[in-house]
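Per chain, numbering begins at 1; letters A, B, ... match sequence-line order. On a predicted model such as this, the values are computed, not experimentally measured, just so you know.
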Amino acid sequence: MGKEIPSRSEDYSLWYNELVKRADLAEHSDVRGCMVIKPYGYSIWEKMQQALDKMFKDTGHVNAYFPLFVPKSMFEAEEQNAEGFAKECAIVTHYRLKNDPDTKGKLIVDPEAKLEEELVVRPTSEAIIWNTYKKWIQSYRDLPILINQWANVVRWEMRTRLFLRTAEFLWQEGHTAHATADEAVKETIQMLDVYAAFAEEFMAMPVIKGRKSEGEKFPGAVDTYCIEAMMQDGKALQAGTSHFLGQNFANAFNVQFAGKDGKLDYVWGTSWGVSTRLMGALIMAHSDDDGLVLPPKLAPIHIVIVPIFRSDDELEKITEKADQLSAALRKQGFSVKFDNRDTHKPGFKFAEWELKGVPVRIAIGPRDLENGTVEVARRDTKEKQVMKLDEVETKIPALLDDIQRNIFQRAKAFRDSLVTKVDAFEDFKRVLDEKGGFVLAHWDGTKETEAAIKEQTKATIRCIPLDAVEENGTCVYSGKPSVRRVLFARAY
RNA sequence: CGGGGUGUAGCGCAGUCCGGUAGCGCACCUGGUUUGGGACCAGGGGGUCCCAGGUUCGAAUCCUGGUACCCCGACCA
């Protein structure tokens, strides 16, 4: 293993790939398009899951689990959705292998074990879930249904990248059913708000909430809402989506309920999800050329204590102090690692824990023992300070809070600096090429213009921001009238 | 799925053009000296050269096919 990872400015993609591997987050498996999420990476995902799961529960949702396999006929029931995903579905056609009669020790698919009906490996679960909801819903008294599931899904991607796009990925998908359109829309927006709050408060990643254009929305949805984040290379990343499904799936699966007046009506639906892609967002939003920078709220290890010693005797004395300090910090709910390996020098450990993004490092050496101090270093700014040993346990919580806040502020200042209003198409192209980031521009609302802009600039409409101000203008491409600016960017 | 590149020790790479004993750095093991920002010296272990065929006395090297990954495009969370 070399010492340095490639720098962001030299090769951003290489920096990202190397960082993911070197920080022990994930690696490519020998299965095409699929990755292994390693323990350190998975523990960050678990932190995300815990925070999100609590937010879902707090808003009245419960968890359940639906099958991985969806019969093809069930999958194709909602046509828009089926068409949208058709090109990237894995399909199970057989249920048995047998010994190859021609080659000893090899197996072949048993041609006699062909399934009556093929099974689609879920790229998303609307079909099986609405097929199930049909059995659960008769009356308005059965509504709403507010269910989430944590699951894996498969989308057969042509080109994959660790965390950002893999053939199989982990996510959560919420699927709710409501008696009125109004209630379903409120649910859609509520979950968008949950995602935005999670991104900003836990991931320390500022996001822009908005609605997708017709061309970018989820197949099968009436409206798709999203949160859009900005990465350090000036490309946007969709970090979460929340869909108002209207009655599309209820229609497709014939899910009706009797209202108070006894009349039958189709059920209104929503679905919403975030995936392990958030890991990619987290990495690209904050990390630097020395490695990961993790917000304390998602860091598996908050504080690492590194002893500096020459003799066993010194280590013993330092260990005593470190153990006391660890106990006091753990009591406050922090995760503390005492790195007492005698096989590596302190400098090596400093670099390694920086690579892994541990927010706070405490070094204790012979000088500190004499003076009753420790050296405290923060990962986000790399600043060091000497602290009285007996003050550490009271000062660390504020320091971690400050790191969490600072990471967010830094990301927000960066993001804000990359939001540019433009009115002329020449400027539009120039800003994308020279500066990158988000471009706020007027759009005439047609898919032809959207497609033409994408064709010529590689930029897509990321969203129509929910807080967009109503202002009269002319479309940056066609010159036709427009009433608000929309958010463009090149995106992951 | 199209264009380009790469696959050689755990990791990063040289060797391939021009066929002839498989190398380097890091990591690993042993011993010693070290330890406040990625230690040093000495010794040592480790290889189906991506896979399958072919050419050849002989293939990491040449030929054919396959496969995986990376970059650029198209598609997409």
Side-chain angles (χ1 to χ4, degrees), chain A residues 1-6 11-14 16-18 21-22 24 27-35 84-89 103 123-124 153-173 195 212 215-219 224 226-229 236-243 271-281 290-291 306-312 314-315 318 340-355 361-371 373-375 377 382 384 386 454-455 458 460 462 490-492:
Chain A
M1 183 157 87
K3 283 184 178 178
E4 311 275 327
I5 54 174
D11 189 334
Y12 195 82
S13 293
L14 193 60
Y16 175 82
N17 287 331
E18 281 298 305
K21 283 182 249 183
R22 296 271 295 274
D24 264 341
E27 63 188 38
H28 289 287
S29 72
D30 288 339
V31 186
R32 179 199 191 106
C34 298
M35 66 174 170
F85 284 109
K87 288 183 302 233
E88 44 186 342
C89 286
T103 317
T124 179
V153 287
V154 169
R155 296 179 188 176
W156 212 260
E157 298 292 347
M158 290 298 124
R159 198 176 152 193
T160 60
R161 291 196 67 187
L162 293 168
F163 289 119
L164 297 173
R165 180 168 292 107
T166 46
E168 179 191 13
F169 59 90
L170 305 183
W171 76 345
Q172 59 69 217
E173 45 181 328
Y195 288 154
K212 285 291 187 191
E216 294 280 328
K217 78 174 190 195
F218 177 71
T224 288
C226 62
I227 51 172
E228 291 286 328
L237 186 137
Q238 177 178 301
T241 49
S242 186
H243 315 289
S271 67
W272 28 274
V274 295
S275 72
T276 37
R277 183 178 230 210
L278 288 179
M279 293 287 295
D290 294 320
V306 177
I308 292 149
F309 58 97
R310 287 190 178 75
S311 62
D312 287 350
E314 263 175 10
L315 176 59
I318 293 166
N340 62 353
R341 288 176 294 177
D342 60 4
T343 49
H344 295 279
K345 292 181 62 172
F348 180 91
K349 295 177 183 177
F350 292 174
E352 182 170 275
W353 294 113
E354 278 163 8
L355 177 63
R361 179 185 74 232
I362 298 177
I364 310 177
R367 280 207 305 270
D368 295 307
L369 287 182
E370 273 177 41
N371 303 333
T373 58
V374 297
E375 182 193 77
K382 303 200 76 184
K384 298 181 201 173
V386 175
K454 183 178 178 182
E455 168 76 26
K458 310 293 176 211
T460 49
R462 301 318 303 156
R490 291 182 182 141
Y492 278 97

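Of the possible donor and acceptor atoms, one in the side chain of A:R277 sits under 3.5 Å from a partner among the backbone N and O of A:Q238. Using modelled atom types, one side-chain atom of A:E314 and one backbone atom of A:R310 make a donor-acceptor pair closer than 3.5 Å.
Taking the salt bridge (charged side-chain N to carboxylate O under 4.0 Å, His left out) definition, one finds that A:K345 meets it with nothing, sequence neighbours left out. Looking at residues two or more places apart in sequence or on another chain, you find no side-chain hydrogen bond (donor to acceptor under 3.5 Å, both in side chains) involving A:K349. In terms of the salt bridge (charged side-chain N to carboxylate O under 4.0 Å, His left out) criterion, A:K21 has no residue partners (sequence neighbours excluded). Remark: A:S275 pairs with no residue by the side-chain hydrogen bond (donor to acceptor under 3.5 Å, both in side chains) rule, at least two apart or across chains. Applying the side chain to side chain contact (heavy atoms under 4.5 Å, CB included) test to A:E354 and every residue at least two apart in sequence or in another chain returns A:R361, A:R379, A:K382. For A:T124, the side chain to side chain contact (heavy atoms under 4.5 Å, CB included) partners at least two apart in sequence or on another chain are A:N81, A:F85, A:E126, A:R155, A:W171, A:E173, A:F218. Partners of A:V31 under the side chain to side chain contact (heavy atoms under 4.5 Å, CB included) rule, at least two apart in sequence or in another chain, are A:S29, A:C34. Scored by the side chain to side chain contact (heavy atoms under 4.5 Å, CB included) test, A:K458 finds A:R490 as partners (sequence neighbours excluded). Listed by chain and residue number, A:K38 satisfy the salt bridge (charged side-chain N to carboxylate O under 4.0 Å, His left out) test with A:E27 (two or more places apart in sequence, or in another chain).
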With the criterion being N/O to N/O and under 3.5 Å, what pairs connect the protein with nucleotides 29-35 of chain B, and how long is each?
from	atom 1	to	atom 2	distance (Å)
B:rU35	OP2	A:R310	NE	3.3
B:rU35	O2'	A:F309	O	3.3
B:rU35	O4	A:R310	O	3.1

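Going from the P atom of B:rG53 to that of B:rU61 covers 14 Å, rounded to whole Å. Taking the P atoms as reference points, B:rG31 lies 42 Å from B:rC69, given to the whole Å. The P atoms of B:rC18 and B:rC63 are separated by 10 Å, rounded to the nearest whole Å. Rounded to the nearest Å, the gap between the C1' atom of B:rU21 and that of B:rU30 is 28 Å. As rounded to the nearest Å, B:rA52 and B:rA14 have C1' atoms that lie 27 Å from one another.
If you check B:rG25 for Watson-Crick or wobble pairing at under 3.5 angstrom, you find it paired to B:rC11. Checking B:rC40 for Watson-Crick or G-U wobble geometry (two distances, each under 3.5 Å) identifies B:rG32 as its partner.
When rounded to the nearest whole Å, the span between CZ of A:R22 and C1' of B:rG10 equals 14 Å.
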Would you give a per-nucleotide map of nucleotides 68-77 of chain B, 5' to 3', where B means the base has a protein non-hydrogen atom under 4.0 Å away, S means only the sugar-phosphate does, and - means neither?
SSSSBBBSBB

Strictly under 4.0 angstrom, non-hydrogen atoms only: write out the protein contact profile of nucleotides 44-51 of chain B, one letter per nucleotide from the 5' end, B, S or -.
--------

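Between the side chain of A:E354 and the base of B:rG37 there is at least one donor-acceptor pair of N/O atoms closer than 3.5 Å.
Among the heavy atoms of the strands, none lies under 4.0 Å from A:R341.
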